[in-house]
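Take a look at the structure set out below.
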Amino acid sequence: MQYNHLDIEKKWQKFWKENQTFKASNESDKPKYYVLDMFPYPSGAGLHVGHPLGYIASDIYARYKRHKGFNVLHPQGYDSFGLPAEQYAIQTGQHPAKTTEENIATYRKQLDAIGFSFDWSREIRTSNPEYYKWTQWIFIQLFDSWYNKDTDKAEDVSTLIKIFKTSGNATVKAVSDEEITIFSADEWKAFSKIEQEEILLQYRLTFLSDTEVNWCPALGTVLANDEIVNGVSERGSHPVVRKKMTQWSMRISAYAQRLLDGLEKIDWPQPLKDSQTNWIGRSQGAMVSFNVDNGSEKSSSEVKLTYKELEALKELRQNLSKAETILWDELKNKKGASKFRKKYTISTFLVDYVCIAKNIIIEFSGKEDEAARTEFFNNEGFNIIRFTNEEVIENVLGVVSKINSAIQFPKIVEKTTKNKEIIKEENKYKIDVFTTRPDTIFGVSFMTLAPEHELVSKIITDAQKAAVEEYITATAKRSERDRMADVKTISGVFTGAYAIHPFSGKKVQIWIGDYVLANYGTGAVMAVPCGDQRDYDFAKHFKIPIPNIFEGVDISEAAHIDKDGTVIANSDFLSGLKYKKALKLSIYEMEKRGFGYGKINYRLRDAVFSRQRYWGEPFPVYYKDGMPQMIAAEHLPIVLPKIEKYLPTEDGKPPLGNATEWAWDSRAKKVVSNDKLKNKTVYPLELNTMPGWAGSSWYFNRYMDATNSNEFASKESLEYWKEVDLYIGGSEHATGHLLYARFWQKFLFDKGIVPVDELAKKLINQGMILGTSAFVYKTTAFVRNGCGCSDEKSNDDILNKIPTVIVSKSLFNSDDEFESVVKNYLIDNNFLNPNFADLIMITKTALHADVSLVNTSDELDVKAFKNHALNSEYKNAKFILEEGVYKVGREVEKMSKSKYNVVNPDAICATYGADSLRLFEMFLGPLEQAKPWKTSGISGVSSFLKKLWKLYFNGDVFKVSDEAPTKDALKILHKTIKKVEEDIENFSFNTSVSTFMIAVNELTALKCNTREILTPLTVLVSPYAPHIAEELWSLLGNKESISTVDFPIFEPKHLVESAKNYPISFNGKMRFTLELPLDLSKEEIEKTVMENEKTIAQLEGKTPKKIIIVTGKIINIVL
RNA sequence: GCUCAAGUGGCGGAAUUGGUAGACGCGCUGGAUUCAAAAUCCAGUUCUUUCGAGAGUGUGGGUUCGAUUCCCACCUUGAGUACCA
């Protein structure tokens, strides 16, 4: 019986399907193992041979684990929302669901042909309403949560509201919007519902905000940072501009530190971890405030407080003394114009209570700086009333009545002069900067603000106004892309204003420059030209002084960036210190003096979650009085509405703006026609949809209980499967899918929905399979300029006679050779008059030829090439052949349709079989590495399978002997078991394929056909080549599938050797080998070796200096 | 620029607690079989060579009895990222 892969593969694929061989159970005595592939987006082009690489590797591992006695979950599904289907819909009007459905059918057929052991009963599709119902549900969970920094996890918003009700927001440590106003419990209660919702939105993990987004006009949508490559869209390379829009965002920044920490406990590739680490971009340093100089010594009355001071203030407000509490209990109920605030700051003074509307300050007497306070407050027009602690405790009512009379009869106070007013205006500015090198603060010689910085317009002097405004206009015109591309040009302009160095008190110039980015840090930097190259270049360019604060370092040519080993100088209290100490001390001093504090900054930005697309998950959101409202979970899914046109509306709304039935009836609890919007209980629904990463951020959990319609997944199934044990996919998802998915997983963990906070224990990035493109070399003929024959007509005549010539690869090595080969051909065939030969110039163009037209020896099927639909213009081209054939040039490139180098797995399966494809893809090289595909190589694995098959046959008859196997055969078998097991555990699949080949070659040489050898051998190859293994297994007399048969056990006793063929080397160079028994002592070995005639020949009469003998390994003679 | 990975025959690649470099396969060469081809089988295939042997894992150094493997410097290629303060 011949090995017929077509019949065998079809037979077993049918068997597996009918018997549900790979259906995983959520209940089992076996240990669990979860093997997952990154699910594909079903594109219209179908799979090429590069796509299944990772699936084959994971399938081998899954099958291996089944043999090892594990209950294996190995599911597959489709990431079926996405732009291509929508683009296609825009062009053709066909509903994306239909396109998607068709593409999935193709994918499924292709996947089935390769013989994967997927549990298809758990298939999921992100575009299926039964699936995205739960994506919407997770969105609601995020909306209902806030991040509590004290417990370091996400909590339900109800806990936040409780805190607001009892003590306001001053004590809350949360990840929230930056501009948060402090309010008390009473103020909270007094807020309207809408005001409360607005405040809560500043804390929710998914929130609406006006964000500057990457708007792509050509695609009509917003793109995430990772969807932009070199300033243009990843898809279609369209230009991208910055634009402000109201968008849903995800507060992923709350998880920055945990996303970083989590990397340490997962076994993921280092490069992937590195790129996540870079993406999160943690930098440790300090936040420092510089006051803007106002020409006067006096500090302002409305100075913003530093972060540290604000923190301290919150503390103070919470911990009032006994007397303070008694008085506050009386004052806090005053409303309207007589409203009092406690522990309020006026300028740099902290006052106990203040009524701003009536200019009344109430303080406890006995403060150290009382005189200064009185003077300052009087100057500012306040009426100061002071009490002692005792007065308040003993007679609070008397105190209150004094206050009341002050409210009723306000003291007429002298207002500050107009002049002072102006100074105050100038006074209130302060520039916050983030720096990673606070130790170099004495090296600051100027400051730079981003052109977009809000302070710029406020601090510029009249003299510089025109120059600054001109500069700002000029930078605004330059696109982000230009600014990125042009890093070398130094530009900037002086604002005319100065800042005060917080330590030295010296004045430093404030500049603006576009090397400072508005959206990183605070959009301002303290420039230390001696320690930062960009600051250095800027200073040099504008001739700003460059003070040197490093001991014994030359900074005449470039900045000194090294921090280790450098000693700080000229820096007051930091002088003489090294980096680490200086860093600590500088931060300590800043915190003590109150203008700076240690801070950790992250590059990771909150993720924009809205897309102006149709083919994505609709938000479960409607708007009431402009505020977003969640639709209750029991009414999900909110299904995508039908629309006529998939483009944005004419007034710029997203495609869902075209829907006629897209309003929420809050009474009937259903989506209704837009006509009903005039009703009081009907509200407009959200028009954006979710981005591509929404559905893929939690799908691995859904597989655990894919058909559950009541829950996201049952508690038991989540508890059983926990996380993915092995996840295989491409490295291109490093900062997209894999970061967002880890974020959601941590969130779901915080909320107690999933039991683990990392989604995959181990992850492997499979490398890309590259295509081997084929090239033909085409001529283009020109008439040389200035050749003397100015008659244009005759030029045309010469050219018209010349046909397109296509030259075989090996006929030329250079362009010159190419030209002469072609000319000779043209002359020989009378296409060119030899007299004109010098007038003609021939150039070479390499053209992609479809790889399917080329055989394994790089020979082009010329006839098929000419008849190929794509090559109609070369129908009459002349081919210069070598030895009767046309040889193409080869080059390795990414596999793509446009390069005509795509190889279809279906064709490979049909010709060589799925088992050959599986073996070959593994045999190409290490899984993680990029490697080129060459179809010719597949004959090696194909003939291996034939040889394997032959071991079980005598001619056409299946014949396996029941005799005892020979020692040699057992040795081969166990050597193979050991190696294959090690290889699979190490994901070194390429080497185990060679091991199989060696085993089969050796067993064939021994003519071994004993059952005792062939039975375990069948199991060994089964993960790699499951179809042939099943067939041989059943021929061996088994009724059940091979899939869960125990993996053979390695027995070391079969590998024990009695002798070793020692390599004998001289000075480390191996010269010959010598077979010696292993039980020989070192002395005996030395004696035997030294007596050997080859040794004597090598020695040439010299005496060895030393003889190294490593028993069982090597003998080295040192001369 | 920064971070990471990798450089081994004509090609894909193998070999690391430092111990016979080039396993296995492709391709190529020769042979057998065949009318012929495909398929199959056998032999050879790193380079140089005066056929004794010698050199050799990107380059140059180092450690070692011994280095593809460890250390230092450099070169090249690929990937990611970027005025990130």
Side-chain angles (χ1 to χ4, degrees), chain A residues 226 269-279 281-283 285 433-437 440 447-448 450 483-490 513-517 519-528 531-535 537-538 561 601-603 731-732 734-735 765 767-768 772 856-858 890 892 919-920 923-926 928-944 946-947 950 988 990-999 1001 1060-1073 1097 1104-1110 1112-1119:
Chain A
D226 55 288
Q270 198 55 44
L272 195 156
K273 287 187 183 181
D274 289 343
S275 70
Q276 288 210 348
T277 307
N278 286 335
W279 194 260
R282 182 187 203 265
S283 48
V433 297
F434 176 73
T435 174
T436 53
R437 297 292 305 275
T440 63
M447 304 197 70
T448 317
R483 249 169 98 169
M484 257 158 62
D486 180 21
V487 193
K488 289 194 186 80
T489 317
I490 296 163
D514 68 358
Y515 81 97
V516 177
L517 304 178
N519 51 12
Y520 182 76
T522 60
V525 299
M526 57 174 230
V528 184
D532 182 285
Q533 195 55 46
R534 290 155 306 167
D535 295 343
D537 295 340
F538 195 87
I561 295 140
N601 221 30
Y602 297 95
R603 198 179 72 107
S731 56
E732 67 272 21
T735 51
N765 290 130
M768 206 191 309
T772 314
T856 53
S857 309
D858 292 352
R890 291 288 200 175
V892 173
L919 283 168
F920 186 54
F923 190 57
L924 281 175
E928 301 91 332
Q929 201 173 298
K931 55 234 160 211
W933 174 273
K934 259 175 91 180
T935 305
S936 59
I938 204 167
S939 62
V941 292
S942 174
S943 61
F944 156 73
K946 286 178 200 161
K947 281 186 218 165
K950 275 190 191 161
S988 173
N990 52 329
T991 49
S992 40
V993 179
S994 355
T995 307
F996 289 137
M997 290 175 170
I998 294 167
N1001 288 346
K1060 159 85 188 171
N1061 196 17
Y1062 277 98
I1064 314 292
S1065 53
F1066 293 80
N1067 290 335
K1069 295 264 177 224
M1070 202 282 285
R1071 291 307 173 212
F1072 61 91
T1073 59
K1105 283 184 191 147
K1106 202 172 174 187
I1107 298 173
I1108 311 245
I1109 296 167
V1110 185
K1113 280 210 165 152
I1114 198 171
I1115 294 155
N1116 189 22
I1117 298 165
V1118 188
L1119 291 173

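Residue numbers start from 1 in every chain, and the chains themselves are labelled A, B, ... in the order their sequence lines are given, proteins ahead of strands.
Taking the side chain of A:Asn278 as heavy atoms from C-beta on, and the options B:rU3, B:rU40, B:rC24, the nearest nucleotide is B:rU3. The side chain of A:Pro271 lies closest to B:rC4, out of B:rU20, B:rC4, B:rC41. The side chain of A:Lys1113 approaches B:rU17 more closely than any other nucleotide in the set B:rU17, B:rC84, B:rA39. Of the listed nucleotides (B:rC24, B:rG19, B:rC83), B:rG19 has the atom at the smallest distance from the side chain of A:Val1110.
No side-chain heavy atom of A:Arg437 sits less than 4.5 Å from a side-chain heavy atom of A:Val528. Side-chain contact between A:Tyr1062 and A:Ile1109 is absent, with no heavy-atom pair separated by less than 4.5 Å. With contacts defined as side-chain heavy-atom distances shorter than 4.5 Å, the pair A:Met997/A:Val941 qualifies.
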| note | Per-nt protein contacts along nucleotides 7-16 of chain B (heavy atom under 4.0 Å; B base, S backbone sugar-phosphate only, - none) come out as -----BSS--
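Comparing A:Lys947 and A:Pro1063 along RNA chain B, the residue whose closest nucleotide (by nearest heavy atom) sits nearer the 5' end is A:Pro1063. Heavy-atom distances to RNA chain B give each of A:Phe434 and A:Lys1060 a nearest nucleotide, and the one nearer the 5′ end belongs to A:Lys1060.
One interatomic measurement links the two molecules: CG of A:Leu517 to P of B:rC83, which rounds to 6 Å at whole-angstrom precision. Atom CH2 of A:Trp279 is separated from atom P of B:rC2 by 21 Å (rounded to the nearest Å). Between A:Leu919 atom CG and B:rC26 atom C1' the separation is 15 Å, expressed in whole Å. Atom C1' of nucleotide B:rA23 and atom CE of A:Met997 are separated by 12 Å, given to the nearest angstrom. Per the geometry, CZ belonging to A:Arg603 stands 9 Å off P belonging to B:rU81, to the nearest Å. Taking atom NZ on A:Lys946 and atom P on B:rG25, their separation rounds to 15 Å, with Å as the unit. Straight-line distance from the CH2 atom of A:Trp933 to the C1' atom of B:rG27: 17 Å, rounded to whole Å. Atom pair A:Phe1066:CZ and B:rA53:C1' shows a separation of 14 Å (rounding to whole Å applied).
Rounded to a whole angstrom, the distance from the P atom of B:rU20 to that of B:rC70 is 16 Å. Here the separation of B:rG12 from B:rG27, taken at their C1' atoms, is 11 Å to the nearest Å. Taking atom C1' on both B:rG7 and B:rU57, the two are 9 Å apart, rounded to the nearest angstrom. Between the P atoms of B:rU69 and B:rU63, the separation comes to 15 Å (whole Å). Rounded to the nearest Å, the gap between the P atom of B:rC28 and that of B:rA38 is 11 Å. For the P atoms, the distance from B:rU68 to B:rG62 is 15 Å, rounded to whole Å. Atom name C1', nucleotides B:rC65 and B:rA32: the rounded distance is 49 Å, in whole Å. Atom C1' of B:rG13 sits at a distance of 34 Å from the matching atom of B:rG1, rounded to the whole Å.
Using a 90° window around 0 for the glycosidic torsion, B:rG10 falls outside it and is classed as anti. Classified by its glycosidic torsion, B:rG12 falls in the anti category, the angle being over 90° from 0.
A:Asn1061 comes within 4.0 angstrom of a nucleotide base, judged by non-hydrogen atoms across all strands. In this structure, A:Lys273 reaches neither bases nor backbone, as no heavy-atom distance under 4.0 Å exists between it and the strands shown. No contact: A:Arg282 has no heavy atom under 4.0 Å from any strand. Within the 4.0 angstrom heavy-atom criterion, only backbone atoms of the sugar-phosphate kind lie near A:Ser943; the bases stay farther away. Heavy atoms of A:Thr448 sit nowhere under 4.0 angstrom from any nucleic acid atom.
Under the 30°/60° scheme for interplanar angles, the aromatic rings of A:Trp933 and A:Phe920 are found to stand perpendicular.
To the nearest 0.5 Å, atom CZ of residue A:Arg603 and atom OG of residue A:Ser283 are 10.0 Å apart. Atom-to-atom distance recorded for A:Phe996:CZ and A:Asn1001:CG is 13.5 Å, nearest 0.5 angstrom. Expressed to the nearest 0.5 Å, how far CZ of A:Phe1072 lies from CG of A:Asn1061 amounts to 11.0 Å. Here the straight-line distance linking atom CD1 of A:Ile490 with atom CG of A:Asp514 works out to 10.5 Å at 0.5 Å rounding.
When every heavy atom of A:Pro932 is checked against every heavy atom of A:Thr772, the shortest pair comes out as CB-OG1, 4.2 Å. Counting all heavy atoms, side chain and backbone alike, A:Phe434 lies closest to A:Gly285 at CZ-N, 3.9 Å. Annotation for A:Gly1068 and A:Asn1116: closest pair N-OD1, 2.9 Å, computed over non-hydrogen atoms.
Side-chain atoms of A:Ser942 never come within 3.5 Å of backbone atoms of A:Ile938 as a donor-acceptor pair (strictly under, hydrogens ignored).
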| Which dot-bracket notation, 5' to 3', represents the base pairing of RNA chain B when pairs are defined as Watson-Crick or G-U with both distances under 3.5 Å, crossing pairs as [ ], and inter-strand pairs as |? | (((((((..(((......[....)))((((((.......))))))(((....)))..(((((..]....))))))))))))....
| Between A:Ile1108 and A:Ile1115, is a side chain to side chain contact (heavy atoms under 4.5 Å, CB included) present by the stated rule, with each step listed? | CA-CA 6 Å; A:Ile1108 311 245; A:Ile1115 294 155; over 6 Å; no
| Derivation and outcome, side chain to side chain contact (heavy atoms under 4.5 Å, CB included), residues A:Tyr515 and A:Asp535 | CA-CA 9 Å; A:Tyr515 81 97; A:Asp535 295 343; 2.7 Å; yes
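When the side-chain nitrogen and oxygen atoms of A:Arg1071 are compared with OP1 and OP2 of B:rG54, one or more of them lie within a distance under 4.0 Å.
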Distances under 3.5 Å between protein N/O atoms and the N/O atoms of nucleotides 63-69 of chain B, please, pair by pair.
| residue | atom | partner | partner atom | Å |
| --- | --- | --- | --- | --- |
| B:rC65 | O2' | A:Asn1116 | ND2 | 3.2 |
| B:rC65 | O2 | A:Asn1116 | ND2 | 2.6 |

